[in-house]
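Nothing here was measured: the structure is a model prediction, and the numbers come from that model.
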Amino acid sequence: MAASTYDVIVIGSGPGGYVAAIRAAQLGQKVAIVERENLGGICLNWGCIPTKALLRSAEVYHLMERAGEFGLSAGKIDYDLDKVVGRSRGVAKQLSGGVGFLMKKNKVTVVMGEASLPAKGKVSVKTAEGTEELTAKNIIVATGARARELPGLEADGDLVWTYRHALQPPRMPKKLLVIGSGAIGIEFASFFNTLGADTTVVEVMDRVLPVEDAEISAFAKKQFVKQGMKIMEKAMVKMLDRAKGKVTAHIEVGGKVETQVFDTVISAVGIVGNTENLGLEALGVKIDRTHVVTDAYCRTGVDGLYAIGDIAGAPWLAHKASHEGVMVAELIAGGKPHPVKPESIAGCTYCHPQVASVGMSEAKAKEAGYDVKVGRFPFIGNGKAIALGEPEGMVKTVFDAKTGELLGAHMVGAEVTELIQGYVVGRQLETTEAELMETVFPHPTLSEMMHESVLDAYDRVIHI
């Protein structure tokens, strides 16, 4: 059977993949996309979207428990875990179906199956009907990543879970251990803790949310502990002993090993790029610690072969993947796009309280040699935050004292995952402290704290 020929073939339909396919089609390219499991990839089906649906249920439950603070009354507050999970899966299914609609609308051919690259410009797909051969001058690999599993801590879906098991939990944990306090770990810890699980988080680094500014991490930890979480920092789970209905965790902390018994463990110790069985190495693609090495334009060094998203390395964020998809599609079509700047991509964690940041932390800025000006503003000084009943939080900004460049912004508190985009736009436009101070922020809004934090960096703050 003759091979089907395209201008662009995309392998993987996560946010980077499907956006690359759409943009390439918009630019007049004949496009095919190959997906082995679900349209929308991990993000829409098993990551970003369904976790936010779960966390929204936990947020509403938490607010219902606080009804009295708002002058409201409610009967017995309870939840149905199966229905909470069912809503989450429904949201994921709706969005996955939306990707299918977008493929049809943009005349992108969808091939369901497992892809490999037998030669330059060629894609072989194992489908339910057999093997389908495709050819294209340009191939974009967007196969994403999966949960890293450490020896002795492997998931079994019963006692030990990865994020996929946690999204469809077979039961509500009573005593939960979460290994790792990055975004995935702390979001699941927040969800199950809010619904009543006795939750312990173990983090090998010296603080939770270790990629965040140290001050923000410390503030978040204080709130987690206040909510009943137990946080163990500079600690490592060495071994898990599994028995019927329980797991005994051997945790090394302070040079000593202690044991604790849990009924459920969630392992969230990072991710591994899906590079296997594609044939990348045989084509000459360099792979470093499971991730494809690329240049600033996502080129692999093999002519016509690109890698985007999680498979191409940090930051492992859907919005980074999407913009890389657009950039590569425009590059293929002969455009001159700007490369994606990792340092200007916001990171968001949807725990309670939320955490968001962009750019350099105060410590990183100082390490880079900057003389910095730092501003801070607490939620307790903001009228909208108090009216919302969300007075716990902080906005922190870091500036270059010489030029006024916004080097970084860091937030913890209600809705900061929405607020952070204001600073992202500011960095993209190369805004200085002067423009930010001269900008009129609407009142009453949480965004006023962004203004006050800038003012504080230059000793002009009004409301503290």
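With a 4.5 Å cut-off on side-chain heavy atoms, Asp156 and Arg242 count as touching. Between Leu240 and Thr248 the shortest side-chain heavy-atom distance does not fall below 4.5 Å. Between Ser190 and Met229, some side-chain heavy-atom pair lies under the 4.5 Å cut-off. Side chains of His250 and Asp241 form a contact here, defined as non-hydrogen atoms less than 4.5 Å apart.
Expressed to the nearest 0.5 Å, how far CD of Glu203 lies from NZ of Lys221 amounts to 11.0 Å. Rounding to the nearest 0.5 Å gives a distance of 5.5 Å between CZ of Phe377 and CD1 of Ile464.
No donor-acceptor pair under 3.5 Å is formed between the side chain of Asp213 and the backbone N or O of Ser361. Asp371 places no side-chain N or O within 3.5 Å of a backbone atom of Asp400 that could act as its donor or acceptor partner. Remark: the backbone N or O of Pro210 is not paired with any side-chain donor or acceptor of Ser217 at under 3.5 angstrom. Although no hydrogens or angles enter the test, the distance criterion places no donor-acceptor pair under 3.5 Å between the side chain of His62 and the main chain of Ser57.
Applying the side-chain hydrogen bond (donor to acceptor under 3.5 Å, both in side chains) test to residues at least two apart or on different chains, the pairs with a partner in residues 417-436 are Ser344-Arg427, Gln354-Thr417, Thr432-Glu435.
A salt bridge between Arg299 and Glu324 is absent, with no side-chain N of the basic residue lying under 4.0 Å from a carboxylate O of the acidic one. Salt-bridge check for Asp78 with Lys76: passed, with a basic side-chain N closer than 4.0 Å to an acidic carboxylate O. Of the charged side-chain nitrogens involved, none lies within less than 4.0 Å of a carboxylate oxygen, so that Asp310 and Lys320 do not count as a salt-bridged pair.
Partner of Glu233 under the side-chain contact (heavy atoms from CB on, under 4.5 Å) criterion, out of Val253, Val208, Asp206: Val208 alone.
Environment of CZ in Arg89: crowded, with over 12 heavy atoms of neighbouring residues, nucleotides or ligands closer than 6.0 Å. Within 6.0 Å of the CE atom in Met205, the count of heavy atoms belonging to other residues, nucleotides or ligands does not exceed 12. In Lys52, the NZ atom is crowded: over 12 heavy atoms of neighbouring residues, nucleotides or ligands sit closer than 6.0 Å. Counting non-hydrogen atoms of other residues, nucleotides and ligands closer than 6.0 Å to CZ of Arg376 gives a total above 12. Arg171 CZ: more than 12 foreign heavy atoms inside a 6.0 Å radius. Within 6.0 Å of the NE2 atom in His165, the count of heavy atoms belonging to other residues, nucleotides or ligands exceeds 12.
Less than 6.0 angstrom separates the ring centroid of Phe399 from the ring centroid of Tyr458. You'll find the ring centres of Trp316 and His291 inside the 6.0 Å limit.
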Is there a side chain to side chain contact (heavy atoms under 4.5 Å, CB included) between Tyr163 and Thr51? Walk through the geometry before answering. CA-CA 9 Å; Tyr163 63 85; Thr51 54; over 6 Å; no
Kindly determine whether Glu37 and Arg164 satisfy salt bridge (charged side-chain N to carboxylate O under 4.0 Å, His left out), including the steps that lead there. CA-CA 14 Å; Glu37 191 175 8; Arg164 289 187 73 139; 2.8 Å; yes
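A cation-pi contact links Lys175 to Phe262, judged by a cut-off of 6.0 Å to the six-membered ring centre and 45° from its axis.
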